[in-house]
Chemist: 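Take this structure first; my questions come after.
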Amino acid sequence: MVGEHTGGLDRHQETITGTAESLLTFENAALPLTVVCPAGKIVMANRAMRNLLRYEFSDLVGRSMYDVVADPDEFKGVWEERLRGVPRVTPERPVRLRTGDGTEITVRASSTLVTDSQGTIRYIVARAVAEPR
């Protein structure tokens, strides 16, 4: 009985370790990455994205993505199309973003849908690369 209990603890520890390693990999990735929920709220943004956008973690996470895109009205149609789920991965396209200090930058952005086992969109992971000036 003790061995069975220990096996469960070992799997639990492996899950915790794996999750921590995944979060560290995300946070330290060289590419700017953001996780957005279907409602449009920023759930996570790695260090590279926060540096690109000139935001502190607490100022970016929880914010609407419409606060970050330079032209929210233009982007609304793009977002609604993205939530239809096709394609699963988008090609890079130029997107204008507003940084924490109010300046606008243009990035090349693409995104990948993360779905559950029923195909429901859980998150959109966006990647951005700053265009040369």
Chemist: Where the side chain of Asn28 meets the backbone of Leu24, is there a donor-acceptor pair that is under 3.5 Å apart?
Modeler: yes
Chemist: Mark yes or no for whether Thr90, through its side chain, and Ser111, through its backbone, hold a donor-acceptor pair below 3.5 Å.
Modeler: yes
Chemist: Quick check for you: to the nearest 0.5 Å, what is the distance between Asn51 atom CG and Thr99 atom OG1?
Modeler: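 The OG1 atom of Thr99 is 12.0 Å from CG of Asn51, to the nearest 0.5 Å.
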Chemist: Measure across Ala29 and Ala48 and return the closest heavy-atom pair with its distance rounded to 0.1 Å.
Modeler: O-CB, 3.7 Å
Chemist: Decide whether Val61 and Val35 are clustered together by the hydrophobic rule: side chain heavy atoms of Ile, Leu, Val, Met, Phe, Trp, Tyr closer than 4.5 Å, transitively.
Modeler: no
Chemist: Under 4.5 Å between any side-chain heavy atoms of Arg108 and Pro94, yes or no?
Modeler: yes
Chemist: Please tell me if the side chains of Asp67 and Ile42 come closer than 4.5 Å, counting only heavy atoms from C-beta onward.
Modeler: no
Chemist: In the structure I gave you, are the side-chain heavy atoms of Pro32 and Arg127 within less than 4.5 Å of one another anywhere?
Modeler: no
Chemist: Measuring from Ile105:CD1 to Arg96:CZ, what's the distance to the nearest 0.5 Å?
Modeler: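 Atom-to-atom, Ile105:CD1 and Arg96:CZ are 11.5 Å apart.
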Chemist: Is any side-chain heavy atom of Met65 closer than 4.5 Å to a side-chain heavy atom of Thr34?
Modeler: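 SC-SC contact between Met65 and Thr34 ruled out.
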Chemist: List in chain and number order the residues that pass side chain to side chain contact (heavy atoms under 4.5 Å, CB included) with Leu83, two or more places apart in sequence or in another chain; answer none if no residue qualifies.
Modeler: Pro38, Trp79, Ile124
Chemist: Taking all non-hydrogen atoms of both residues, which atom of Ala130 and which atom of Leu52 are closest, and how far apart?
Modeler: CB-CD1, 3.7 Å
Chemist: Side chains of residues 69-78: which donor-acceptor partners sit under 3.5 Å, not counting sequence neighbours?
Modeler:
| unit_1 | atom_1 | unit_2 | atom_2 | d |
| --- | --- | --- | --- | --- |
| Asp71 | OD1 | Asp73 | N | 3.4 |
| Asp71 | OD1 | Glu74 | N | 3.3 |

Chemist: Within this structure, what is the NZ-OG distance for the pair Lys41 and Ser64, rounded to the nearest 0.5 Å?
Modeler: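 Taking NZ in Lys41 and OG in Ser64, the distance rounds to 5.5 Å.
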Chemist: In this structure, would Leu23 and Phe57 fall into the same cluster of hydrophobic residues linked by side-chain contacts under 4.5 Å?
Modeler: no
Chemist: Of all the heavy-atom pairs spanning Leu113 and Pro87, show the shortest one and how long it is.
Modeler: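 Result for this residue pair: CD1-O, 4.0 Å.
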Chemist: CG/Leu31 to CE/Met49 distance, rounded to the nearest 0.5 angstrom?
Modeler: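 Interatomic distance, Leu31 CG to Met49 CE, rounded to 0.5 Å: 9.0 Å.
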Chemist: Looking at Arg122, I'd like to know if its CZ atom is crowded, meaning that more than 12 non-hydrogen atoms belonging to other residues, nucleotides or ligands lie closer than 6.0 Å.
Modeler: no
Chemist: For the atom pair CD1 (Ile121) and CG (Asp116), what is the distance rounded to the nearest 0.5 Å?
Modeler: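 Between atom CD1 of Ile121 and atom CG of Asp116 there are 10.0 Å.
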Chemist: Would you say the side chain of Arg88 lies within less than 4.5 Å of the side chain of Thr115, judging by non-hydrogen atoms?
Modeler: yes
Chemist: Are the side chains of Tyr123 and Met44 in contact, using a 4.5 Å heavy-atom criterion?
Modeler: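 No, every pair of side-chain atoms sits at 4.5 Å or beyond.
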Chemist: How would you list all residue pairs meeting salt bridge (charged side-chain N to carboxylate O under 4.0 Å, His left out) that involve residues 24-38, not counting sequence neighbours?
Modeler: Glu27-Arg47, Glu27-Arg50
